[in-house]
2 protein chains.
Amino acid sequence: MPTIYEVSELAGVSLATVSRVMNGSAKVSEKSKKKVRDAMEELGYRPNSVAISLASKRSNCIGILVAELDGAFFGSMMTGIEKTLRQYQKHVVITAGHSNDADEREGVEFLKSRNCDALVIHAEQLSDEYLIELSKGDTPIVVMNRQIDAIAEKCVSLDNVKGGYIATRHVLEKGHRQLVNIAGPKFKNDAMERIVGFQQAVNEAGIDFDENRVFEGDYLQESGAAAIDHFVMSGIEFTGVVCGNDQMAIGAMARLREYKRLPSKDVAVIGFDDVSFAACTYPTLTTINYPIKLMGQQAAKLVLKDVYKIGVKDIRQIYEPTLMERNSVKRLRSK
Amino acid sequence: MPTIYEVSELAGVSLATVSRVMNGSAKVSEKSKKKVRDAMEELGYRPNSVAISLASKRSNCIGILVAELDGAFFGSMMTGIEKTLRQYQKHVVITAGHSNDADEREGVEFLKSRNCDALVIHAEQLSDEYLIELSKGDTPIVVMNRQIDAIAEKCVSLDNVKGGYIATRHVLEKGHRQLVNIAGPKFKNDAMERIVGFQQAVNEAGIDFDENRVFEGDYLQESGAAAIDHFVMSGIEFTGVVCGNDQMAIGAMARLREYKRLPSKDVAVIGFDDVSFAACTYPTLTTINYPIKLMGQQAAKLVLKDVYKIGVKDIRQIYEPTLMERNSVKRLRSK
DNA sequence: TTGTAAGCGTTATCAT
DNA sequence: ATGATAACGCTTACAA
């Protein structure tokens, strides 16, 4: 790998001049410019971004922390961020927090130590205090899916309580009174908030909230199926299933069929997130839209503006969950 | 951010000693060790990995190039790689190639310029020659999903032709003779290979391969639906749909239902990849298993062994596609 | 065991 | 407009 030194030598100019043509920082005569460019070309020179980063304290990289690298939700989020950043030659460095405090902290430290210019964080375990403290450091951050008042201007979030409420109310409005809730892991904020929304809607309908009607899943398909097993085995009757996310919803629908209880026809199922496959299930999944890709784009715009002073507009930070009515929730047929 | 210099000062030892305790490279007296550790603790010192990387030429980072950050397939691959690497304190840096030559090249350059210790590449546009050339450079690489003889020891792949063949033959064996193929983008190697497999099986069954029965999709749900529209509009008759991947398969199943042609009952549909939701569709999706997560783990093991000299075993590089028989392909009912 | 000092490949501040 | 030269934060011979 040739270095800037070799380029300067071949071009017959100083290091400084080469550096100047690289980042157009100051006036350089056309003549030197050409000599430098030719030399670079000839040597197949590639600037070493680690050295640039060390010297300039900037990396043109934005760090992203997500719980996992797979999953439709995180995929959309990462894509939303990456694609908008890429338009401005910014790169992303992604790391997984695996939903545990140690990995999340380590991930943040890693990203900071790599000189990321900013961090976009979707943390499940990091406390609000930690995040607030972090925001005071020298690496700007954007927090996804969490509303922290002290750093509201750095949050891009959606009202999960409201989402859970809307979902539940929709099922109730269709005449279902015997509901169960397949929730996400309770240690996750959004999972808990969605449960709260469920509870609100249920109470509002004059139904007693019953802990036993909430199953704690893990946001993966299999746990949606396990939840159905659980409810059936426990003899808990239900005609409506409110799910913490779409993945568990499809797992639940698949298992319901095995019990000969047809989704939509015999039991209403509603998801959350509106991931891409939700429109392709059978029955198509009624769910709550979570515009995570768009929100990722917004997060990116936020750093573009704050960190790189790039003028971008239409930055919105608080989003509303909306009902996506499809076919998995039908009116309860009177017996 | 405190630096190593401040630590050495506070601890009353030299820079070198601090460095030594950080990476246990040489003998350091217990006494100095403690002084250094205390100083680090007190200052909240975090080593700057950019500086480490520049000085040592190692980064403990492995670069990953994938087409997109979303999608079940890539998600599994990234997770497979990341989780096994993480066990050894190695981090991943991920970048998207967006299936075009420019972005893929830029992605590779970016990763190399970030001093990645190795690269795991899933490229769609980079030529074999480019990859072979790249492999001669000073950054070791692992190539996913492509078998390049010249660098076979760096490839982790699966026989896509065979996969396409197995899928097609399975549908044929169930009595279907009128087949259509919803393929991936033809510029992608795997998509083409799967088409070849389709062709082989069809020919073997004594059926003429008809170009018009192949629709070029883009591996996304929507194009599976579009393919069905296309075939129906064109008046092409079929009872079996062989898909290039699972996503298009579910898109196709959803659209078929709209035409009142029930998947499984009226028309057989087979997917490819066996992503996680394939078992939860209705009907459950018969497909070809592509153990991409496992293969990601293997790629990681390869770099662990080659780059870090970490003894890992059970490294296999060539995988076989296998039939996952579920419910979307049923025997053709005689009229 | 510990310290000194020369890199690593850039950027950036001064001069000129 | 261009060139020295000192950072940037750490590793690593080489000495002591």
Side-chain angles (χ1 to χ4, degrees), chain A residues 1-37 39-40 43-61 109-117 137-139, chain B residues 1-37 39-40 43-61 109-117 137-139:
Chain A
M1 285 276 110
T3 72
I4 195 176
Y5 183 78
E6 302 168 45
V7 173
S8 83
E9 191 145 84
L10 205 169
V13 299
S14 72
L15 291 189
T17 301
V18 177
S19 176
R20 286 184 187 109
V21 349
M22 282 176 58
N23 36 99
S25 47
K27 298 281 82 168
V28 179
S29 71
E30 276 307 324
K31 197 183 288 180
S32 327
K33 239 181 225 170
K34 180 166 174 16
K35 284 194 292 185
V36 171
R37 294 228 170 87
M40 284 179 170
L43 293 169
Y45 170 74
R46 303 282 165 199
N48 179 323
S49 49
V50 171
I52 294 176
S53 179
L54 181 61
S56 70
K57 306 256 184 202
R58 276 168 54 298
S59 63
N60 284 315
C61 281
E109 289 302 337
F110 168 74
L111 295 171
K112 285 179 61 172
S113 82
R114 300 297 309 177
N115 269 16
C116 285
D117 295 339
D138 22 38
T139 307
Chain B
M1 285 276 109
T3 71
I4 193 175
Y5 184 78
E6 302 169 44
V7 173
S8 83
E9 192 145 84
L10 205 171
V13 299
S14 71
L15 291 188
T17 301
V18 176
S19 175
R20 287 182 186 111
V21 349
M22 281 176 58
N23 36 99
S25 47
K27 298 279 85 169
V28 179
S29 71
E30 276 307 324
K31 196 181 290 181
S32 330
K33 238 182 227 171
K34 181 165 173 14
K35 283 193 294 185
V36 171
R37 294 228 170 87
M40 286 179 169
L43 293 169
Y45 171 75
R46 302 284 165 196
N48 178 323
S49 49
V50 171
I52 294 178
S53 180
L54 182 60
S56 70
K57 307 253 183 206
R58 276 166 57 294
S59 64
N60 285 314
C61 281
E109 289 302 337
F110 167 74
L111 295 172
K112 285 180 61 174
S113 82
R114 299 295 311 174
N115 269 16
C116 284
D117 295 338
D138 22 38
T139 308

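Lettering follows sequence order; numbering is per chain, from 1.
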*Using a heavy-atom cut-off of under 4.0 Å over every strand shown, decide if A/Val13 touches base, sugar-phosphate, or nothing.*
sugar-phosphate

*What is the distance from NZ of B/Lys27 to P of C/dT1, rounded to the nearest Å?*
7 Å

*asked:* Regarding B/Ser32, tell me which of base, sugar-phosphate or nothing describes its non-hydrogen contacts under 4.0 Å with the strands shown.
replied: sugar-phosphate

_DNA chain C: 5'-proximal contact among A/Pro47 and B/Ser14 (nearest heavy atom)_ = B/Ser14

*Please report, rounded to the nearest Å, how far the P atom of C/dT10 is from the CE atom of A/Met1.*
10 Å

*asked:* Going by the rule side chain to side chain donor-acceptor pair (under 3.5 Å), which residues pair with A/Thr3 if we only count those two or more places apart in sequence or in a different chain?
replied: none

*Quickly work out the B/Lys33 NZ to C/dT2 C1' distance and round it to whole Å.*
14 Å

*Measure the angle between the two terminal helix axes of the helix from C/dT1-D/dA16 to C/dT16-D/dA1, five base pairs each, and quote it to 10°.*
40°

*How long is the line joining NZ of B/Lys34 and C1' of C/dT1, in whole Å?*
19 Å

*For A/Arg46, answer base if it contacts any base atom (sugar-phosphate contacts may also be present), sugar-phosphate if it contacts only those atoms, and nothing otherwise; contact means non-hydrogen atoms under 4.0 Å.*
sugar-phosphate

*Could you tell me from which nucleotide to which nucleotide of DNA chain D, 5' to 3', there is an atom under 4.0 Å from chain B heavy atoms?*
D/dG9 to D/dA13

*Kindly state each residue pair satisfying salt bridge (charged side-chain N to carboxylate O under 4.0 Å, His left out) with at least one member in residues 4-31 of chain B, sequence neighbours excluded.*
B/Glu30-B/Lys33

*So, the side chain of B/Ser56 versus the backbone of B/Ile52: is there a donor-acceptor pair under 3.5 Å, distance only?*
yes

*Reading 5' to 3' through nucleotides 11-16 of chain C, protein heavy-atom contacts under 4.0 Å coded B for base, S for sugar-phosphate only, - for none*: SBB---

*Non-neighbouring partners of B/Tyr45 that pass ring pair (Phe, Tyr, Trp, His ring centres under 6.0 Å), sequence neighbours left out*: none

*Separation of B/Lys57 atom NZ from C/dC8 atom P, in whole Å?*
7 Å

